[in-house]
Amino acid sequence: MKAAYFKEHGGSEKILYGDYRDPAVATGEVLVRVRACALNQVDMLLLDGRFPPPEGLPHVNGCEVTGTVEATGAGVRGLAPGQRVIIFPGFSCGACEYCLRGERTVCIRYGYLGAHRDGGYAELVKAPAANLISLPEAISFEDGAALPLAAVTAWHALVVQAQLRPGQTVLVQAAGSGVGSAAIQIARLIGARVMTTVGADDKVEFARSLGAEHVVNYRTQDFVDAARTWTGKRGVDVVVEHIGGETFERSTYALTRLGTLVSIGSHDTHWGRLDLRHVYSKNLRIVGTNLGSILELQAILDLVAVGRLRAIVDRAFPLSEARAAVQHVLDRRNRGKVLLVP
Ligand SMILES: [Zn+2]
């Protein structure tokens, strides 16, 4: 098959396009013909070596995949060749202490499609049958591929970890990112009020169109001051943070007392400082989150199918132009998800 893969760590120039080994389907697994695969920030960490692929190089990125069933391994039932499917990207063992507690996202053997095994920057990809769900006819392959990681992560962060309620105020970092554009919409669906940040003035209207009430260009305005002004000096109830570094630290200053910061990524840096006085004196909650469940993906698909949530697709590149697609994301030119289409 053809794939976009890399043999060495670095920037987009390390992405190669060409022949790659076909996935070998084992018992309980399904071979999927990829119709669309979304790029994700974790792809960039795998590529540049900040999060080296656990199984080594060469490696194929791509954790958000839609496609059709090409073939099924032994023991697979209920999936027929040609069926439209979406792959839930998280793998868990089902047997460790945390899986048995129902918290599969913190499984001690947790893995991601496109990280712990080859992903969807390819014509074919394999996944356990248990990770596949039907893609409703109402959702295109392209829209579907924009959902499984970014939207599920944003959903789990806001609904489960922050327990966001109607009327609360939320600061969502980086409206232009996949997770940011999903978080704004989900917060609005809950009935919360949203402020968000963008890195360029030409993304302000985009952020408003998603439902953000207040949009701040973080390059020209201080988002902490803006959050205080927007909330009448009170601070916001919830921050969705995925940048790290100074953005993480300053996000805690934007919180009101009893506020919650949900950390869902570290796209700039894995490190962040905290002024602990804010944490203990205001009884803040700093919680991490990592993807969500396959049931949450099903809930999101149902909402997209009936038009209550939108998949935000920036643009699709042919698989053969994966290098340009990766550079487009690295340059932060995207508004929503960037896709590869074989
Ligand atoms: Zn487990």
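When side chains are defined from C-beta on, Thr105 does not count as touching Ser92, because their heavy atoms never get closer than 4.5 Å. Side-chain contact between Val125 and Leu113: present, with at least one pair of heavy atoms (C-beta onward) separated by less than 4.5 Å. In this structure, the side chains of Asn40 and Tyr112 stay at 4.5 Å or more apart for every pair of heavy atoms. Side-chain contact between Leu31 and Thr72 is absent, with no heavy-atom pair separated by less than 4.5 Å. Proximity of His267 to Met44: side-chain heavy atoms (C-beta onward) are nowhere separated by under 4.5 Å. Between Leu124 and Val32, the closest side-chain pair of non-hydrogen atoms is not below 4.5 Å.
Environment of OH in Tyr17: crowded, with over 12 heavy atoms of neighbouring residues, nucleotides or ligands closer than 6.0 Å. Residue Glu55 places its CD atom among 12 or fewer non-hydrogen atoms of other residues, nucleotides or ligands, all under 6.0 Å distant. By the 6.0 Å contact criterion, CZ on Arg35 is open, its count of non-hydrogen atoms from other residues, nucleotides or ligands being 12 or less. Under a cut-off of 6.0 angstrom, the local environment of CZ in Arg332 is sparse, with at most 12 non-hydrogen atoms contributed by other residues, nucleotides or ligands. Counted within 6.0 Å of CD on Glu246, heavy atoms from surrounding residues, nucleotides or ligands total 12 or fewer; the atom is thus considered open.
Within the 3.5 Å criterion, the main-chain N or O of Gly90 finds a donor-acceptor partner in the side chain of Asn131. Under a 3.5 Å cut-off, the side chain of Asp302 and the backbone N or O of Ala299 do not form any donor-acceptor pair. Side chain of Gln83 to main chain of Ala80: a donor-acceptor pair is present (N/O by atom type, distance under 3.5 Å, no hydrogens or angles). Distance alone, capped at 3.5 Å, is enough to place a donor-acceptor pair between the Lys126 side chain and the Ala24 backbone.
For His116 and Phe91, the ring centers sit 6.0 Å or farther from each other. Aromatic ring centres of Tyr20 and Tyr5 lie closer together than 6.0 Å. Remark: aromatic rings of Phe6 and His59 are close, center separation under 6.0 Å.
Closest non-hydrogen pair, Glu123 versus Lys2, comes out as OE1-N, 2.7 Å. Listed here is the closest heavy atom pair of Leu135 and Ile139: CD2-O, 3.7 Å. Residue Arg117 comes nearest to Ala127 through the heavy atom pair NH1-CA, 4.2 Å, listed as atom of the first residue, atom of the second, then distance. Across all their heavy atoms, Arg50 and Asp268 have their closest contact at NH1-O, 3.4 Å. Of all the heavy atoms in Ser266 and His270, the pair that sits closest is OG-ND1, 2.9 Å. Here the shortest heavy-atom pairing between Met195 and Ala226 reads CE-CB, 4.0 Å.
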If you look only at distance, which donor and acceptor atoms sit under 3.5 Å apart when one is on a side chain in residues 254-262 and the other is two or more places apart or in another chain?
unit_1 : atom_1 : unit_2 : atom_2 : d
Thr256 : OG1    : Arg234 : O      : 3.1
Thr260 : OG1    : Arg285 : NH1    : 3.0

Identify each donor-acceptor pair in which a side-chain atom of residues 152-160 lies under 3.5 Å from a protein atom, sequence neighbours left out, and give them as a table.
unit_1 : atom_1 : unit_2 : atom_2 : d
Thr153 : OG1    : Leu149 : O      : 2.6
His156 : ND1    : Glu296 : OE1    : 3.0
His156 : ND1    : Glu296 : OE2    : 2.9

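Between Val194 and the choices Val238, Ile184, Thr169, the side chain to side chain contact (heavy atoms under 4.5 Å, CB included) rule is met once, by Ile184.
For the side chain to side chain donor-acceptor pair (under 3.5 Å) condition, the pairs that include at least one residue of residues 308-327, sequence neighbours left out, are Ser12-Gln327, Asp314-His328, Gln327-Asp331.
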Test side-chain contact (heavy atoms from CB on, under 4.5 Å) on Val216 and Thr196 and set out the steps.
-> CA-CA 6 Å; Val216 174; Thr196 190; over 6 Å; no
Determine, step by step, whether Asp237 and Arg165 satisfy the salt bridge (Lys or Arg N to Asp or Glu O under 4.0 Å) criterion, reporting the C-alpha distance in whole Å, the side-chain angles of both residues, the deciding distance to 0.1 Å, and the verdict.
-> CA-CA 10 Å; Asp237 295 295; Arg165 296 190 301 277; over 6 Å; no
Passes salt bridge (Lys or Arg N to Asp or Glu O under 4.0 Å), Arg250 versus Asp222? Steps please.
-> CA-CA 10 Å; Arg250 297 190 55 69; Asp222 184 315; 2.7 Å; yes
Worked verdict on Trp230 versus Glu213 for side-chain contact (heavy atoms from CB on, under 4.5 Å) | CA-CA 10 Å; Trp230 182 57; Glu213 183 180 312; 3.1 Å; yes
Tell me, with the steps shown, if Ile133 and Val85 meet side-chain contact (heavy atoms from CB on, under 4.5 Å).
-> CA-CA 6 Å; Ile133 44 183; Val85 290; over 6 Å; no
Test Leu132 against Ile87 for side-chain contact (heavy atoms from CB on, under 4.5 Å), laying out the working first.
-> CA-CA 5 Å; Leu132 266 57; Ile87 304 178; 4.0 Å; yes
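Residues Gln173 and Thr247 have side chains that never bring a donor and an acceptor to within less than 3.5 angstrom of each other. Neither side chain, Tyr253 nor Asp225, offers a donor N or O lying under 3.5 Å from an acceptor on the other.
Asp48 has no carboxylate O lying under 4.0 Å from a charged side-chain N of Lys14, or vice versa, which leaves the two without a salt bridge.
A single hydrophobic cluster is not seen to contain both Ile190 and Leu295; linkage of ILVMFWY side chains at heavy-atom distances under 4.5 Å, directly or through other members, places them apart.
A cation-pi arrangement, defined by a distance under 6.0 Å to the six-membered ring centre and an angle within 45 degrees of its axis, is present between Arg84 and Phe141.
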